[in-house]
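Comments concern the structure below.
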Amino acid sequence: MNQLFKNLCVISFKSNLSHNIHTSSSTLAWSKSDAPKRFLRHNKVIYPPQSADETPRPAFVCHQKTNIKYSPDKLWYIASFVRGMTVDEAVKQLSFVNKKGAIFVKEAILEAQELALKNHNVEFKSNLWVAESFSGKGMVIKGIRRHARGRMGEVRYQYCHYFVRLEEGKPPTDYYKRNPLTPQEQLENWLEQMRKRKITNSY
């Protein structure tokens with residue numbers, strides 16, 4: 001009688017376990033369908049026509065490479081390295097960077113260059129420069145690593161996203177010093193903005 005009761009308990013436990021575990025591809029932690037979509041919306045923006053006296057708006061293309069099996073912190077250094085370079089110079093420099101992430105960044109820049117020629121009316125493929133280049137955190141899959149004496153530790157498999165925006169024209173002389181104001185002028189402007197603050201419905 002006791003053996004029969006044990007068998008019934010095991011069968012009921014297994015049936016409940018099979019109903020509670022979901023194994024569909026949409027619910028798995030390693031599903032790669034949750035790629036970011038906001039950055040690519042910049043390609044679909046329709047700007048109004050410009051008048052003859054306005055400065056021509058340069059063409060640009062946004063591109064991303066998602067779910068890269070690489071650390072986002074390590075990729076950030078490579079993404080910062082190519083900012084402000086021309087496309088040809090960035091591809092040439094990345095060819096000599098002995099890092100795994102440099103391959104992904106180089107591929108993304110070349111793909112963005114092809115998109116600029118095909119879909120964004122860019123005439124010369126060398127007349128492009130890297131206006132934006134940054135990395136983002138992707139999904140993190142947690143696993144178990146066995147330690148001594150029957151203990152376990154946590155291991156994390158990190159994924160990341162890479163975003164790049166190429167712009168038509170010549171790059172600036174110094175990418176990080178595009179603000180024409182001196183530090184003192186920037187401070188005065190900030191103080192002036194702080195003094196103009198006003199509490200709503202106050203005197």
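In this text the structure is predicted, and so the values were computed from the model without any measurement. Positions are given from 1 along the sequence.
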- Measure from NZ or CZ of Lys142 to the centre of the six-membered ring of Tyr157 and say whether it is under 6.0 Å with the direction within 45° of the ring axis. no
Closest heavy-atom pair and its distance - [X], [Y]:
X      : Y      : answer
Thr66  : Pro36  : CG2-CD, 3.8 Å
Ala59  : His120 : CB-O, 4.1 Å
Pro72  : Gly136 : CB-O, 3.8 Å
Glu123 : Glu168 : N-OE2, 4.2 Å
Ala112 : His63  : CB-CB, 3.7 Å

Heavy-atom donor-acceptor pair, [X] side chain to [Y] backbone, under 3.5 Å:
X      : Y      : answer
Arg83  : Ser133 : yes
Gln113 : Lys125 : yes
Arg151 : Ala148 : no
His161 : Lys65  : no

- Examine Ile144 and Ile141 and state if one hydrophobic cluster contains both, with Ile, Leu, Val, Met, Phe, Trp and Tyr joined whenever side-chain heavy atoms are less than 4.5 Å apart. no
- Same cluster for Val45 and Phe60 if Ile/Leu/Val/Met/Phe/Trp/Tyr side chains link at under 4.5 Å? yes
- Item | Nonpolar side-chain network containing Tyr162, other nodes, edges under 4.5 Å | Val61, Ile68, Tyr70, Leu75, Ile78, Phe81, Val82, Met85, Val87, Val91, Leu94, Val97, Phe104, Val105, Ile109, Leu110, Leu115, Leu117, Val122, Leu128, Val130, Val164, Leu166
With a 6.0 Å cut-off (strictly less than), is the heavy-atom count around [atom1] of [X], excluding the residue itself, greater than 12?
X      : atom1 : result
Tyr77  : OH    : no
Phe96  : CZ    : no
Lys137 : NZ    : no
Met194 : CE    : yes
Asp174 : CG    : yes

- Looking at CE of Met139 and SG of Cys160, how far apart are the two atoms once the value is rounded to the nearest 0.5 Å? 11.0 Å
- Query: Hey, what do you get for CD (Glu154) to CZ (Arg145), rounding to the nearest 0.5 Å?
  - Reply: 10.5 Å
- For the residue pair Phe134 and Phe163, does the interplanar ring angle fall in the parallel (under 30°), tilted (30 to 60°) or perpendicular (over 60°) class? parallel
- Query: Any side-chain heavy atom of Pro172 within less than 4.5 Å of one from Trp129?
  - Reply: yes
- Message: For a 4.5 angstrom cut-off between non-hydrogen side-chain atoms, does Arg165 reach His42?
- Response: no
- Pairs in or reaching into residues 86-101: which pass side-chain hydrogen bond (donor to acceptor under 3.5 Å, both in side chains), with residues at least two apart or in two chains? Asp88-Ser126, Glu89-Lys92, Glu89-Gln93, Ser95-Lys106
